[in-house]
2 protein chains.
Amino acid sequence: MKRDSRLSGVLHVLLHMAEQPGPHTSEALAAAMATNPVVIRRIMAGLREQGFLRSQKGHGGGWTIACDFSRTTLRDIYHALGEPEILAMGNRTDAPGCLVEQAVNAALGQAFDAAEAILLQRFGEVTLADLSADFHARMSGRTALPTLENEHGS
Amino acid sequence: MKRDSRLSGVLHVLLHMAEQPGPHTSEALAAAMATNPVVIRRIMAGLREQGFLRSQKGHGGGWTIACDFSRTTLRDIYHALGEPEILAMGNRTDAPGCLVEQAVNAALGQAFDAAEAILLQRFGEVTLADLSADFHARMSGRTALPTLENEHGS
DNA sequence: GTTTCATGTAATAATATATGTTACGTGATT
DNA sequence: AATCACGTAACATATATTATTACATGAAAC
């Protein structure tokens with residue numbers, strides 16, 4: 001399978017929207033992300049349902065931000081996306097009654113749970129305002145942090 | 001994509017092998033795991049190359065353990081498997097020059113790295129002997145830990 | 001009221017990966 | 001020489017993400 005990049009994508013869109021006032025059409029946002037308008041609508045649907053965004057049809061329509069960036073965390077967005085799978089690894093369960101399998105999967109499961117918990121905790125510690133601030137810092141030539149970034153490129 | 005369950009599977013096989021002396025054929029191991037002998041050979045190939053297992057052809061051939069369970073960790077096995085992808089999520093990189101994308105991906109990347117680091121650290125703290133001990137505890141009716149286990153079932 | 005614009009969504013295609021299966025080659029034992 | 005077991009390539013199957021096409025819905029503009 002391919003790596004799921006919806007969270008990265010939707011955050012990219014949100015920060016772009018915050019840079020300009022008016023409603024943004026899916027087509028314009030798709031152009032900025034080199035993808036298809038339908039993909040934009042799809043990943044934004046959950047955020048609309050959870051009240052983070054609003055959408056309007058017809059002339060002058062499009063998407064508008066409906067949340068406070070300083071009070072919205074990456075974890076909120078992750079949940080609005082539908083909580084996509086975090087780990088690429090999982091337990092094999094083809095011998096449910098096997099005590100060996102149970103011992104193996106109990107140990108692995110604890111490690112998996114710990115990793116997921118850390119990721120969600122980190123997500124909860126970063127607001128959209130933090131991301132926007134980092135972006136503006138990069139705009140003015142000072143990157144907020146020594147960036148490693150592309151280790152996790154798709 | 002489906003979740004990768006090779007680590008869970010190969011650990012299951014290793015612990016089964018430890019319960020009986022002789023060389024174990026891929027066919028016998030496959031039967032215990034409800035899969036195909038070729039799948040066994042495939043996931044065991046890396047462990048053979050790294051010296052954790054030996055294999056022999058011909059009559060009386062099969063797989064034998066070639067490592068010390070008390071000195072081999074889940075992290076060793078994970079590396080021998082070829083370090084499969086840990087996270088199902090990744091960064092989108094369709095606008096490499098975009099500072100918004102860079103800010104988003106830097107933040108996500110740090111969270112991703114932290115989660116991967118925790119998982120590998122946990123793997124490094126558990127030996128095959130630990131797993132085997134837990135299995136034997138379950139055999140005699142006392143599970144070593146209050147197990148949550150199947151949250152991560154395939 | 002009709003046209004135009006923009007979202008909503010289903011259906012399909014394209015791509016990638018894990019897993020299962022078949023087929024054939026290689027080497028060791030009987 | 002025959003049998004056994006691994007080694008590996010090739011192919012099939014299932015699942016998931018992403019992209020694309022097609023059509024319906026609703027709102028604004030004319």
Side-chain angles (χ1 to χ4, degrees), chain A residues 1-10 12-13 17 22-31 33-49 53-64 66 81-94 152-154, chain B residues 1-10 12-13 17 22-31 33-49 53-64 66 81-95 153-154:
Chain A
M1 145 212 16
K2 219 179 277 181
R3 308 270 292 278
D4 178 347
S5 65
R6 278 175 292 181
L7 182 58
S8 174
V10 79
H12 188 172
V13 169
M17 288 175 66
H24 302 78
T25 66
S26 301
E27 196 172 18
L29 295 173
M33 300 236 350
T35 183
N36 193 291
V38 176
V39 173
I40 299 293
R41 296 190 190 109
R42 203 147 52 196
I43 65 178
M44 311 264 271
L47 278 71
R48 179 190 59 229
E49 287 159 17
L53 294 173
R54 263 193 298 270
S55 65
Q56 277 191 312
K57 296 180 176 180
H59 271 102
W63 299 87
T64 48
L81 274 180
E83 307 180 9
E85 207 68 63
I86 290 173
L87 295 176
M89 309 177 62
N91 283 333
R92 188 176 180 108
T93 56
D94 290 279
H152 289 88
S154 84
Chain B
M1 137 212 14
K2 217 180 279 183
R3 308 269 294 278
D4 179 347
S5 64
R6 278 176 291 180
L7 182 57
S8 174
V10 78
H12 188 171
V13 169
M17 287 176 67
H24 304 262
T25 67
S26 301
E27 196 172 19
L29 296 172
M33 300 233 352
T35 183
N36 194 291
V38 177
V39 173
I40 299 292
R41 294 190 190 111
R42 203 146 55 194
I43 64 178
M44 311 264 273
L47 278 71
R48 179 190 59 230
E49 288 159 17
L53 294 174
R54 263 193 297 271
S55 65
Q56 276 190 313
K57 296 181 177 179
H59 271 102
W63 298 89
T64 49
L81 273 181
E83 306 180 9
E85 208 67 64
I86 290 173
L87 295 176
M89 309 176 61
N91 282 334
R92 188 174 179 110
T93 56
D94 290 278
S154 83

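The sequence lines fix the lettering, A, B, ..., with proteins before strands; numbering per chain opens at 1. Values in this document were obtained by computation on a predicted structure and should not be read as measured data.
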Quick one: Met33(B) CE to dG20(C) C1', roughly how many Å, whole number? 13 Å
Nearest-Å distance for atom pair CG/P, residues Leu53(B) and dA5(D): 18 Å
So do Val39(A) and Met33(A) actually touch side chain to side chain, heavy atoms under 4.5 Å? no
Taken to the nearest whole Å, CD/Glu49(A) to C1'/dT7(C) is 13 Å
Please tell me if the side chains of Leu87(A) and Asp4(B) come closer than 4.5 Å, counting only heavy atoms from C-beta onward. no
In whole angstrom, give the distance that lies between atom CD of Glu27(A) and atom C1' of dA6(C). 9 Å
Please state how far atom CD1 in Ile43(B) lies from atom C1' in dT19(C), giving the value in whole angstrom units. 11 Å
What is the nucleic acid contact for Arg48(B), judged by heavy atoms within less than 4.0 Å: base, sugar-phosphate only, or nothing? sugar-phosphate
Is any side-chain nitrogen or oxygen of Arg3(A) closer than 4.0 Å to OP1 or OP2 of dT15(C)? no
More 5' along DNA chain D: His59(B) or Trp63(B), using each one's nearest nucleotide? His59(B)
Backbone N or O of Ser8(B) within a donor-acceptor pair of the Ser5(B) side chain at under 3.5 Å? no
Without decimals, in angstroms, what is the distance between Leu7(A) CG and dT18(D) P? 11 Å
Report, one pair per line, the protein and nucleotides 21-24 of chain C atoms (nitrogen or oxygen only) whose separation is under 3.5 Å.
| residue | atom | partner | partner atom | Å |
| --- | --- | --- | --- | --- |
| dT21(C) | O4 | Arg42(B) | NH1 | 3.4 |

Counting heavy atoms not belonging to Glu83(B), are there more than 12 under 6.0 Å from its CD? yes
Which part of the nucleic acid, if any, lies within contact of Gly62(B), taking any heavy atom under 4.0 Å across all strands shown: a base, the sugar-phosphate backbone alone, or nothing? sugar-phosphate
Does Met89(B) offer a backbone N or O that forms a donor-acceptor pair with the side chain of Arg3(A) under 3.5 Å? yes
Ser55(A): what forms a side chain to side chain donor-acceptor pair (under 3.5 Å) with it, not counting sequence neighbours? none
Rounded interatomic separation in angstrom, taking NE2 from His24(A) and C1' from dT7(C): 16 Å
Rounding to a whole Å, what distance do you find between Ile40(A):CD1 and dG8(C):P? 12 Å
In this structure, OG1 of Thr35(A) is separated from NE2 of His12(A) (nearest 0.5 Å) by 11.5 Å
Take Lys57(B) and Pro84(B), find for each the nucleotide of DNA chain C with the closest heavy atom, and name the residue whose nucleotide sits nearer the 5' end. Pro84(B)
Does Ser55(B) put a side-chain nitrogen or oxygen below 4.0 Å from OP1 or OP2 of dG7(D)? yes
